[in-house]
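Letters A, B, ... mirror the listed sequences (proteins, then strands); counts begin at 1. Small disclaimer: the values here were computed from a predicted structure and weren't measured.
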Number of protein chains: 2
Amino acid sequence: MNSASNALQTTDDSAETGAQQIRDAIRDAIVERRLSPGTKLSESDVGNLFNVSRTLARAALQALSYEGLVNVEKNRGAFVAYPSPDEARQIFAARRLIEPGILREAAARITPSEIQHLKQLLLEETRLMGERGQTARRAEIKASGDFHLTLAAISGNAIMQRFMDELVARSSLVIALYGQSTVSSCGHSEHGDIVAAMESKDLDRACRLMLHHIAHIEADLDLRERRTQGLKDAFEP
Amino acid sequence: MNSASNALQTTDDSAETGAQQIRDAIRDAIVERRLSPGTKLSESDVGNLFNVSRTLARAALQALSYEGLVNVEKNRGAFVAYPSPDEARQIFAARRLIEPGILREAAARITPSEIQHLKQLLLEETRLMGERGQTARRAEIKASGDFHLTLAAISGNAIMQRFMDELVARSSLVIALYGQSTVSSCGHSEHGDIVAAMESKDLDRACRLMLHHIAHIEADLDLRERRTQGLKDAFEP
DNA sequence: GTGCAAAAAATCGTATACAATTTAGTCGTC
DNA sequence: GACGACTAAATTGTATACGATTTTTTGCAC
């Protein structure tokens, strides 16, 4: 009865086999910053690493390039994306443009159980903020993104959800490159404030908080050209 | 000096060879409605048609699946996307959500020469509206989409431009399936009104017109399940 | 003639092989 | 010793080949 069952999953049945799994594994590695921007992803290496042929490795890399997480250069290979400051600005401009709309749709459709789910995410987030260690920070980054992705899922629009998937993943790359503050990339209790505003049906306030939140993340960035990037451009323009 | 040169084109140099060209060719055929929704795109057939191996055909089809223009079903093959009424609603919901924001950014950055370019597009559009024949109607559909895509290009955000690329292409599929009016799918002189509002710096009015315009397109659709779809589902569930 | 089961054909999933391009290394010349 | 051209290694681009899954056809029983 609920048409969302059709909308929530992009592919009909289980994964398209092999390539999909490899793509997800590499994407996780990129988003969790275990793969640094600019790292070369040789097709042979990826294939050997996952015990598959170069065919599947190549398919996975191409898929990642469509999401903007990997750049494939003709006859040169695939590299973990190294977003330029300008790309970073575009990513956040896109989020400022999109997320308020998603928030409004989500607020209009949200159910009590979904509110509960969101609150649980917030608890997990604050818990991770209290812990030490790299793994905790990685989990925190992921949880922070999951908040925005869950909102997109609640909005019920599979297309916007996919767009947000891409934007959140790329945001993680940008924060890895240009983030300054050692602490939480996403912030404070701003997520909680947004949920509170949604609960009290104050949509305008929720949107304002969301925009403020995104601006806050962006303000923590130092969007100056990195040396490595400059060097690369100097050698291979 | 302008870092936009890096941002405006997703791929650095010319096409990734083969697969990219095939992808574009098939995409054009889909958008121009020379390939009907639901048509099977066998890897072998596509390969033979373009005189390439199945490898490249497959890569092109996968690329199209990432754009939502074809559905690849595991072990069954690729088919020109057959958007469900629900998907159609999501596509237009996404456009309503995104396009006002793009319009605002475009209005803030637009140059006189770009205004001129837009006006030329409008002239071309009205010219095509006056002509008869399938080819003219195809060109009209394309021109109508180009208006929205040009706006996205002017906004200067390559990411939003890509999102709009996808949404406009999929909209064409939806209109092909569910459009009712035999005449212009996109409408009247609404494009012209939007440009006029932009020129007079009346952003709020421009956004209102844009939303009205999108609603107008959607209102022309008959979003009922098509029989063919039902039959197909009955035979191959 | 209808319905089901098994075999044949077609199609996709994946691996391997070869050609083309790039990159690294080497040798010779200045 | 530095620079440039040539050769060799590595990597990507594309094609072909083989195994797995699906679809169609065939054949038989009822």
Side-chain angles (χ1 to χ4, degrees), chain A residues 10-26 35 38-66 69-82 228 231-237, chain B residues 10-26 35-36 38-66 69-82 228-229 231-237:
Chain A
T10 52
T11 53
D12 291 345
D13 35 292
S14 60
E16 189 201 304
T17 62
Q20 214 91 335
Q21 277 181 281
I22 297 171
R23 171 174 72 82
D24 292 345
I26 298 180
L35 278 171
T39 303
K40 169 147 192 177
L41 299 174
S42 158
E43 294 178 356
S44 312
D45 291 350
V46 172
N48 290 342
L49 188 58
F50 291 93
N51 291 318
V52 297
S53 84
R54 212 158 60 80
T55 305
L56 289 191
R58 183 184 180 83
L61 291 173
Q62 292 231 156
L64 288 167
S65 88
Y66 293 127
L69 291 181
V70 162
N71 289 331
V72 303
E73 300 177 26
K74 181 173 175 175
N75 280 318
R76 293 225 11 192
F79 305 84
V80 178
Y82 199 112
T228 21
L231 279 176
K232 253 190 196 165
D233 286 346
F235 285 133
E236 38 192 51
Chain B
T10 52
T11 53
D12 290 346
D13 35 291
S14 59
E16 189 201 302
T17 61
Q20 213 91 335
Q21 276 181 281
I22 297 171
R23 171 175 72 83
D24 292 345
I26 298 179
L35 278 171
S36 300
T39 303
K40 169 148 190 178
L41 299 174
S42 158
E43 294 178 355
S44 311
D45 292 349
V46 172
N48 291 341
L49 188 58
F50 291 94
N51 292 316
V52 296
S53 86
R54 211 158 59 81
T55 306
L56 290 190
R58 183 183 179 84
L61 291 172
Q62 294 235 147
L64 287 167
S65 88
Y66 295 128
L69 291 181
V70 313
N71 290 331
V72 304
E73 299 178 26
K74 181 173 173 176
N75 279 318
R76 294 226 12 202
F79 305 84
V80 178
Y82 198 112
T228 22
Q229 175 78 346
L231 280 175
K232 255 189 197 167
D233 285 348
F235 285 132
E236 39 189 52

Length of the line joining F79(A):CZ and dT22(C):C1', which is rounded to integer Å
11 Å
Can you figure out which of dT12(D), dA15(D), dT23(D) approaches the side chain of S42(A) most closely?
dT12(D)
Between P on dT14(C) and CZ on R54(A), what's the gap in Å once rounded to a whole number?
16 Å
Whole-Å gap separating P (dG13(C)) and CG (L61(B))
10 Å
When all nucleic acid strands are considered with a 4.0 Å heavy-atom cut-off, which category describes T55(A): base, sugar-phosphate, or nothing?
base
Given dG13(D), dT11(C), dG13(C), the nucleotide with the shortest approach to the side chain of R58(A):
dG13(D)
Interatomic distance where CZ belongs to R76(B) and P belongs to dA20(D) [whole Å]:
21 Å
Heavy-atom closest pair, residues R76(B) and K40(B):
O-NZ, 3.0 Å
Looking only at non-hydrogen atoms, find the nearest pair between V70(A) and L61(A) and report the distance.
CG1-O, 4.2 Å
note: K40(A), atom NZ; dT23(C), atom C1'; distance rounded to Å ~ 9 Å
Between atom CG in N71(A) and atom P in dT12(D), what is the gap in whole Å?
15 Å
Measure from the side-chain heavy atoms of S53(A) and tell me the nearest of dA15(C), dC12(C), dG13(D).
dA15(C)
Take atom CG of D45(B) and atom P of dC12(C), then tell me their distance rounded to the nearest Å.
8 Å
N71(A) to A81(A) - nearest heavy-atom pair and separation
ND2-CA, 4.1 Å
Given dT22(C), dT12(D), dA15(C), identify the nucleotide with an atom nearest to the side chain of S44(A).
dT12(D)
Nearest-nucleotide pick for N75(B), side chain only, options being dT11(C), dT22(C), dG13(C):
dG13(C)
Between A60(B) and A19(B), which heavy-atom pair has the shortest distance, and what is it?
CB-O, 3.8 Å
Grab the CG-C1' distance between N51(A) and dT16(C) for me, whole Å please.
16 Å
What heavy-atom pair brings V46(A) and A57(A) nearest, and what distance separates the two atoms?
CG1-CB, 3.7 Å
